[in-house]
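Pasting in a structure now, in structure tokens, and then I'll have a few things to ask.
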There are 2 protein chains.
Amino acid sequence: MPYQDGKFGCPVDVGLSMISGKWKPRIIYELLQQTRRFGELHRLIPEVSRHVLTTQLRELEESDIVSRTVYPSSPPKVEYALTEFGKRIAPILEQMIELGEHYIAKQNQGERNE
Amino acid sequence: MPYQDGKFGCPVDVGLSMISGKWKPRIIYELLQQTRRFGELHRLIPEVSRHVLTTQLRELEESDIVSRTVYPSSPPKVEYALTEFGKRIAPILEQMIELGEHYIAKQNQGERNE
DNA sequence: CCGTATCCGGGCAGATACTG
DNA sequence: CAGTATCTGCCCGGATACGG
């Protein structure tokens with residue numbers, strides 16, 4: 001089964017890039033609780049600038065993970081929500097955390113042996 | 001359930017970074033078939049330079065995904081294999097492919113509507 | 001055969017200022 | 001309120017040369 005059959009390798013990168021982005025997991029986490037307005041997201045994640053927050057949201061929208069709804073009112077109101085597809089990503093993020101926990105555990109183990 | 005409880009958000013990044021790297025999924029894929037020597041890996045993935053291949057392998061080793069065994073012979077012989085932990089990553093990569101396929105499908109859909 | 005040492009370029013994210 | 005426009009800095013991955 002060579003690489004070209006597409007099961008692994010390069011094909012992985014597409015999916016990986018969809019959730020790779022400094023604030024994307026965090027944004028998905030917040031939207032998993034409930035739909036949020038732009039300003040709400042910014043208050044929930046104050047470490048990120050509005051510029052970058054916008055960029056990450058646009059990329060998530062392009063990946064069909066997040067939906068963006070504009071209410072033409074004054075003042076303007078924009079709501080971000082997870083799509084049905086986006087909600088399916090939650091278990092994947094939990095698995096990522098498990099990977100990380102394994103790494104942390106191994107680090108602590110190594111420190112004890114010094 | 002605030003962000004600080006560690007279920008999502010920043011904690012995801014640790015696990016994500018363990019498999020994020022231009023050649024890491026590809027390397028894992030190759031090692032999933034069988035243990036390989038350095039030169040074999042390089043022949044299987046000729047697009048990557050030895051320098052970068054070394055770097056990625058070192059990082060995978062640091063993450064306990066890959067094990068490195070040196071046989072002190074002449075000429076030198078070094079074997080890379082997936083750890084038990086590394087083998088558990090396969091299903092995660094398959095899920096990444098599913099994410100990518102969803103994106104590709106959506107792209108094609110959009111093109112038809114132009 | 002299996003690397004290390006150095007240098008370099010592009011892309012992502014951050015800071016800051018401005019706008020419908 | 002919810003963005004855009006512009007500039008900047010840093011880190012990863014790549015190219016090349018050298019070493020045990």
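Please read these numbers as outputs of a predicted model, since none were measured by experiment. Side chains included, hydrogens not; waters and symmetry mates left out as well; all remaining heavy atoms used. We name chains A, B, ... by the order of the sequence lines, and we start the count at 1 in each one.
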From D/dC1, D/dC18, D/dG3, nucleotide with atom closest to A/Val78 side chain: D/dG3

Sugar-phosphate only, base, or nothing, as touched by A/His42 at under 4.0 Å among non-hydrogen atoms: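 The residue A/His42 makes no contact with any strand.
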
Under 4.0 angstrom between A/Tyr80 side-chain N/O and D/dC1 OP1 or OP2: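 Answer is no, no contact under 4.0 Å.
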
Those residues of residues 53-71 of chain A lying under 4.0 Å from DNA chain D by at least one heavy atom: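 Hits under 4.0 Å, by residue number: A/Thr54, A/Arg58, A/Arg68.
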
Whether B/Ser73 side chain and B/Pro75 backbone form a donor-acceptor pair below 3.5 Å: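 Between the backbone of B/Pro75 and the side chain of B/Ser73 there is a qualifying donor-acceptor contact (under 3.5 Å).
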
Distance in angstrom units between A/Leu44 CG and D/dA2 P, rounded: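 Atom-to-atom, A/Leu44 to D/dA2, this comes out as 13 Å.
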
Euclidean distance, atom NE2 of residue A/His51 to atom C1' of D/dT4 [Å, nearest integer]: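 Spelled out: NE2 on A/His51 to C1' on D/dT4 is 9 Å.
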
Value in whole Å for how far the P atom of D/dG14 lies from CD1 of B/Ile45: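 Interatomic distance, CD1 of B/Ile45 to P of D/dG14: 12 Å.
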
Parallel, tilted or perpendicular, as decided by the 30° and 60° cut-offs, for the rings of A/His102 and B/Phe85: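 Taking A/His102 first and then B/Phe85, their aromatic rings lie parallel (interplane angle under 30°).
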
Flag, side chain of A/Thr35 to backbone of A/Leu31, donor-acceptor distance under 3.5 Å: no

Sub-4.5 Å side-chain heavy-atom contact between A/Tyr80 and A/Glu40: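 No, too far: nothing below the 4.5 Å cut-off.
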
B/Tyr29 backbone acceptor or donor facing B/Gln33 side chain under 3.5 Å: yes

Main-chain N/O of A/Val52 paired to A/Ser49 side chain as donor or acceptor, under 3.5 Å: yes

Rounded distance (Å) that lies between atom C1' of D/dA15 and atom NZ of B/Lys22: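 Result: 13 Å.
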
The single option from B/Leu99, B/Leu16, B/Val12 passing side chain to side chain contact (heavy atoms under 4.5 Å, CB included) against A/Ile92: B/Leu99

Span of DNA chain C in contact with chain A (heavy atoms, under 4.0 Å):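 The protein-touched segment is C/dA13 to C/dG20.
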
Separation of atom CH2 in B/Trp23 from atom C1' in D/dG14, rounded to whole Å: 10 Å

Phosphate contact (D/dC1 OP1 or OP2) by A/Arg37 side-chain N/O below 4.0 Å: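 Looking at the OP1 and OP2 atoms of D/dC1, neither is under 4.0 Å from any side-chain N or O of A/Arg37.
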
B/Leu60 CG to B/Leu82 CG distance, which is reported to the nearest 0.5 Å: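 With rounding to 0.5 Å, CG (B/Leu60) is 8.5 Å from CG (B/Leu82).
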
Short side-chain to backbone donor-acceptor contact, A/Thr83 and A/Ile65, under 3.5 Å: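 Flag set: sc A/Thr83 to bb A/Ile65 pair under 3.5 Å.
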
